[in-house]
Amino acid sequence: MHTVRDATFEVLRHTGMTTIFCNPGSTEISLLTGLPDDLDFVLALHEGSVIGMATGWAIGHDAPALAVLHTTAGLGNAVGAIATARANRVPMVILVGQQDRRHLAQEPFLAGRLAGLAGDYPVHTDHPVRAQDVPGAVARAFHQATTFAGPALVVVPMDDWAAPYEGETVTAPARLLRPVSVPDADLAPLVELLAGARAPAIVTGAGACGGWDALVALAERLGCPVWQESFGARAGFPQDHPLYVGVLPADRPRLRAALAEHDVVLTVGAPVFRQYGYEPGPLVEPGTTIALVTDDPAEAHRSPAELAYLARPDQVCARLAQLVPPREPGPGPHFPSQEPGAAALRAEPVPDGPLRPVRVLRELAARLPEDVVLVEETPSSRPDLHRLLPARNPLGFVSAAMGGLGFALPAAVGLRMALPDRPVVAVVGDGAALCGVQALWSAAHYRVGTLFVVLANGRYAVMDRLAEQHGGKAPWPAFDEVSMAGMARALGCEAIRINDHGELTAALDDVLPTLAARREPLLLDVSVSVDPDFQA
C-alpha cells in the first residue's frame, strides 16, 4: 500500500530536503522508523540545536532545510531558535508531531495545543484537515519557506503517516518560478534620485549577501561609502573594500550623525533602520532622502522610506550600476582598516597579564583564510570582531539577528555539514555557548570539523555592564567555575584549555592551516579578562 509517509518522502526527494534534523519523540516514531537509505537523519540533543543546525545547513546550501520536532515539548523548546531563523531570513520546513488524530478530542497524553505556540515567527503554519493532505502541505511549506525566507510549520498527527495515499493529488506546484527582473521604467525614479544626489551613501545588510558583485559595482559607480546594518545576520558587502566604512550605529543620535552629510541614503537588503535602545528624534537629519530595495515584504512595509522597491536586491543593483551615471568619490568618511598585517602583528610585544578578547581576535585575524565561514556570537566582543575580522566573502560573518543566545554552536555545525570543504570557525562567548552546548555532541558524532573559539570570561559581561550603566549592582553571580573544555569533552568533542598567549598561538598555528580538511571538531576554551573599555 502506498502511504502518506511514502508520498511525503517523494516530496522531500523532489524538493531536495533529504537531510532530517531532529530530536525525536514518540509522536514521530511512525515517521522516522526504518527511513529509506537516501534520507539522512541528524540527531541533536536539544531542539534549539535541531533548529540551529538546520539554520546553518540552510544558509550553507541556500535552500530550505528540514527539521522534525516533538509535539508541545519539542516545539516549545525550539521557539527561540525558530525566532532567530525568521529574523535571519532562513528558509526551513518544520514537521511537528501530534498525538493520534483518532482521539485528539479527548486530549490524550502528549496531545499538543500547538496552534500559535510559536507565535507569529513561522512564515506559514498548516494543520492538514486529512491525513492525505499532508504531502501537499509539506510541498506548500517548502514554497512558503522559500518565498518568504523563513520557517514554515506543518503539524502532523502520528497516525497520518500510515494512512493510504492512492489516487490522491499533491496540492502544490511541482515547480514554482519567481521572475526577478525589474523594468527600467519602474527603476526610473530611483535612477533619477541617485543621479541627482550630491553625496549618496549605501546601507546594506543580510538581504544583499547573495549579490555582492552587483552591490560593489553600484557602490563604485556612485563612489559612495557603504555601511553595514546594525545587528545584521550576515554581511551585505565586502568589509575589506575601500568604500566600506563600518557598522551603522544602533541609536538615533549617532545614526543621524553618521548619515548627516548624505542627501540620499539607499538601503539594500536591510530595514530602515534597526535600533537597540530607544532614543527620541528622527532617524536622519532633515533633507536626507531614504530609498529602500528589499525582497522582504515585511521589511518593506515597516520601513519609513520615501521610495521603496519590493524586488531582488542583486537584480536591482546590477541594473542600477548600468543606468546610474558614474560619479567621482566624494569626501565621505572612508575608514579603511588600520589594523596591522599578520607580520606586523606577530612582531608586536606580547602584553603581560590575562588574555584580552581583542588579542585573541587579532591572533585569529592574522591566520584566518579568506574563504573562512565565520560564525559570531560574542556580544561583549562584537565591536572588536567587526573591526578586526572583516568579512571577505558572503559567509565571512554569520550571526543571530534576533539577539537570543544559543545560535552559534549549532549553526556552525550545520554550516560545516553543508560546506564540508570550507573552513568554519565559531567565535562565541561562554554565556552564549552554554545555551547551545548540546550541538558539540552532534559535531563529534557526525565528525564535523568545526573550530569553536570560546571567549570564556565566566560571566554575562554585557548584562554586567548594562547594570552598571543603570546605576545598580547586578543580582546574578559569575559562573567562572564552569569549564567549557570539560563540558565539550563530556560531549565527545576534543577541547583545549587556553590560559596564555603562547598556548593560544600554538593551538591556532596547529589547527588553522588544515581546518578545511579537518574531520573532527575542536573547542578552544580561551580564558579572557573582561575588557575594561567595553560599552554595552
Side-chain angles (χ1 to χ4, degrees), residues 239-240 337-378 380-393 396-397 408-409 412 416 422-430 432-433 440 443 448-458 461 480 482-489 493-534:
Q239 295 178 349
D240 57 348
S337 174
Q338 299 301 312
E339 286 300 318
L345 180 59
R346 289 192 173 101
E348 287 183 1
V350 177
D352 295 327
L355 278 169
R356 290 179 60 188
V358 66
R359 185 71 200 188
V360 179
L361 296 175
R362 282 179 172 171
E363 296 296 349
L364 274 172
R367 294 164 173 82
L368 287 181
E370 187 167 340
D371 65 338
V372 69
V373 178
L374 184 70
V375 185
E376 177 274 335
E377 195 172 26
T378 174
S380 59
S381 301
R382 186 176 294 133
D384 284 330
L385 185 142
H386 280 309
R387 178 171 56 89
L388 297 169
L389 299 172
R392 293 175 287 174
N393 72 80
F397 175 79
L409 265 60
R416 182 57 191 264
R422 290 276 297 274
V424 177
V425 177
V427 181
V428 195
D430 52 351
L440 296 176
V448 180
T450 302
L451 175 63
F452 306 98
V453 180
V454 178
L455 304 179
N457 55 34
D480 47 13
V482 173
S483 169
M484 287 305 307
M487 296 186 74
R489 295 188 195 106
C493 177
E494 181 185 353
I496 301 173
R497 176 68 172 177
I498 304 293
N499 292 297
D500 59 40
H501 181 264
E503 293 175 348
L504 173 68
T505 56
L508 294 178
D509 286 341
D510 179 58
V511 69
L512 284 176
T514 60
L515 185 58
R518 188 180 178 93
R519 291 296 175 260
E520 303 297 336
L522 175 65
L523 183 141
L524 301 183
D525 180 9
V526 186
S527 175
V528 296
S529 61
V530 178
D531 191 335
D533 300 324
F534 168 68

At what distance, to the nearest 0.5 angstrom, does NE2 of H501 lie from CG of L504? 6.5 Å
How many angstroms lie between OG in S381 and CZ in R356, if you round to the nearest 0.5 Å? 10.0 Å
If only atom types and distance count, is the side chain of R416 paired as donor or acceptor with the main-chain N or O of A516 below 3.5 Å? yes
Which heavy atom of R497 sits nearest a heavy atom of N499, and at what distance? NE-OD1, 3.4 Å
Got R367 and T505 here, is their nearest side-chain heavy-atom distance under 4.5 Å? yes
Kindly say whether I496 contributes a backbone atom to a donor-acceptor pair with the side chain of E494 at under 3.5 angstrom? no
L524 and A507 have their tightest heavy-atom pair at CD2-CB, 4.0 Å
Can you tell me how far CG of L512 sits from CZ of R518, rounded to the nearest 0.5 angstrom? 10.0 Å
Nearest 0.5 angstrom please: R359 CZ to D384 CG, how far? 13.0 Å
What pairs with E520 under side-chain hydrogen bond (donor to acceptor under 3.5 Å, both in side chains), at least two apart in sequence or on another chain? R447
Heavy-atom closest pair, residues L364 and L389: C-CD2, 4.1 Å
4.5 Å side-chain heavy-atom contact, L374 and L385: yes
Just so I know, are the side chains of R422 and N393 near enough to count as touching, which here means a heavy-atom distance under 4.5 Å? yes
Where is the tightest heavy-atom contact between T450 and A412, given as atom of each residue plus distance? OG1-O, 3.5 Å
So which atom in L409 and which in A433 form the shortest heavy-atom distance, rounded to 0.1 Å? CD2-O, 4.0 Å
For D430 and N457, indicate whether the former's side chain and the latter's backbone hold a donor-acceptor pair under 3.5 Å. yes
I'd like to check V358 versus R387 (side-chain heavy atoms, cut-off strictly below 4.5 Å). Are they in contact? yes
Gap separating the OG1 atom of T378 from the CG atom of L455, nearest 0.5 angstrom: 4.5 Å
side-chain contact (heavy atoms from CB on, under 4.5 Å) partners for A432, two or more places apart: E377, L405, V428
Nearest 0.5 angstrom please: I498 CD1 to L355 CG, how far? 8.5 Å
Over all heavy atoms of both residues, which pair between D525 and A485 is shortest? Give the atoms and the distance, please. OD2-N, 3.0 Å
